[in-house]
S.K.: 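Okay, handing you the structure first.
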Amino acid sequence: MTSRTTAYNVAVGATVAMGSFTYGFGFASFSTSIGQPGFFEYFNLSLKGSGAAYTNHILGAVNALFFFGAAIGALVGGPMADRIGRKRAIQTAAAISIVGGALVAGSVHVAMLIVVRTIQGCGLGALATITPIYLAEASTPSKRGMLTGLHGFFLVAGYNISAWVGFGCYFSKNLTFQWRGPLALTALPALLLLVGTFWVPESPRWYLMKGRAEEAWTTLSRLHHDARDPNEMGANVEFVQMQRQIEFEQTNPSGYWAILSTPSYRKRAFLACFIQFAAQSSGALVINNYSIIIYTQLGLTGFMPLLMYCIFTLIGATGNLCSLLTIDWTGRRFALITGLSGCLVALILETAMIAEFVTGSHPSDAGKRVAVFAIMLYVFFYGFFLDAASFIYSSEVYPTNIRSRGVALATFTYFVSSITYVTPGATAIASIGWKYFLVFVCLTFISVVVVAFLFPETKGRSLEELAELFGDPVVLHLDDAKAEVEAEKGVVEEVEEVRR
């Protein structure tokens, strides 16, 4: 008998996953703003002529410092989640995101925009770190991929809703509202998250880590209650295993230095950080962040670049939804290898089309259409296979005592990789064009090989049982926990029978 994923469990997960939506919407709002004529007019920027280079540097700086803030938020968010709890850490990050979003929308010059976008990045980066931690810890072993996958789906859904908001604002006759409107709305999902989490329970594993077993059982039994299991055997079995393993793990070192100095922890960190690096090394955020500029280079004008961005993110969100519904069946390795391989094929096709038919000596409308198709093919593979799986994997491989800091390191890697590729993105796309995509082609090929040979499968196991994949002991397997719970239940029944 194993614990069951309940409707209440899913509802709690969806509420917490609003943190992922808040990040996605907040991050993508700037991508749509740079597609608005009013943005460039207000800040006196130009994409053509002598001012184009300055504009590209400004766009790079805004994105770089946003990710810098997000990286700081990730590193701080991990320890904060251990100290004050997953729930309160999410609420703190949501409050920072609200303030940051309001300030970004009120920016009156470029310098202010850069600074306050960094503040917003801190809050959003912390949310991107803590949300998948909570989702993984509140999940059942059999449906952990689905519930943790809510992070990827809600994140890209944030991209998509932001894209449609930007598309609608494009038609506003108020040029200032064109870009301020989407930025102002970034505070709304953060506010909904802050309010919604007041009815969300704390992570049962955090309660156990703090020695609060009674509260942990109350939370777990409600999250995983099964009406077909009146004696709550499934929840009891899961709880006994969690309690024993976490008690053991609490005797081990924790903290960032422990992760880097303990061989089994270091292996986990390598896998978690590498998959985040690999996802960004496929060019995901460069394509996402500068897709409107790319579509313009491909000959699309007017509202069409914004519309294509809407379609791009819709495919990504739909893919993430399909991913969370299938990944507990297909497994993590299949999803990661298939996603990276598909992205590699799409990148090669995109690079070839741009080199030959867009900037090459044989311009062709058919070639441009194939280039647009390649971008959509890319996001299909990234969304359906790679996006959610990368976050699931990096959230589940750590033991409870270092999970927050471990996920923080992985998310930090995600943001540092983003800085590395996105900062020079606008300038690189404008100056060297298709050659920039060769970097992603080469790195994605390497990533496929590394994942194929070094990444173990994690599906179907409890978080506690994953320890044996990395050479650490599992104090009590689920089967043994079940036998122990059944034995205790038998003793209790015998005592009650004697009393009668």
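By convention here, the first residue in the shown sequence is residue 1. Small disclaimer: the values here were computed from a predicted structure and weren't measured.
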S.K.: Flag the pair Phe455 / Tyr393 as yes when their ring centroid distance falls below 6.0 Å, and as no otherwise.
M.R.: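 Centroid distance Phe455-Tyr393: below 6.0 Å, so yes.
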S.K.: Are Phe27 and Phe66 close enough that their ring centers fall under 6.0 Å?
M.R.: yes
S.K.: Please check if any side-chain donor atom of Ser97 sits under 3.5 Å from a side-chain acceptor atom of Tyr23, or the reverse.
M.R.: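 Not at all, the side chains of Ser97 and Tyr23 share no donor-acceptor pair under 3.5 Å.
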S.K.: Consider only side-chain N and O atoms of Glu396 and Thr148, and report whether a donor and an acceptor are under 3.5 Å apart.
M.R.: no
S.K.: Pick out which of Glu238, Gln241, His477 makes a side chain to side chain donor-acceptor pair (under 3.5 Å) with Ser462.
M.R.: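 Of the listed options, the one satisfying the test is Gln241.
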S.K.: Whether the His151 and Ser20 side chains hold a donor-acceptor pair (N or O, under 3.5 Å, no angle test) is what I'd like checked.
M.R.: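 Per modelled atom types, His151 and Ser20 side chains form a pair under 3.5 Å.
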S.K.: Exactly one of Met242, Arg144, Gln245 should register a side-chain contact (heavy atoms from CB on, under 4.5 Å) with Leu463. Which one does?
M.R.: Arg144
S.K.: Do Asp472 and Ser264 have side-chain N/O donor and acceptor atoms under 3.5 Å apart?
M.R.: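 On atom types as modelled, these side chains qualify, holding a pair under 3.5 Å.
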S.K.: Quick one about Thr411 and Gln276 (side-chain donor to acceptor, distance below 3.5 Å, no hydrogens or angles considered), yes or no?
M.R.: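 Not at all, the side chains of Gln276 and Thr411 share no donor-acceptor pair under 3.5 Å.
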S.K.: Taking ring pair (Phe, Tyr, Trp, His ring centres under 6.0 Å) as the test, write out the residues that go with Phe277, two or more places apart.
M.R.: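 Testing Phe277 for ring pair (Phe, Tyr, Trp, His ring centres under 6.0 Å), a comparison that skips the adjacent residues, returns none.
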S.K.: Regarding Thr140 and Thr5, is there a side-chain donor-to-acceptor distance under 3.5 Å anywhere?
M.R.: yes
S.K.: Please tell me whether Tyr414 and Phe391 form a close aromatic pair, meaning their ring centres lie under 6.0 Å apart.
M.R.: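 Under 6.0 Å, so yes.
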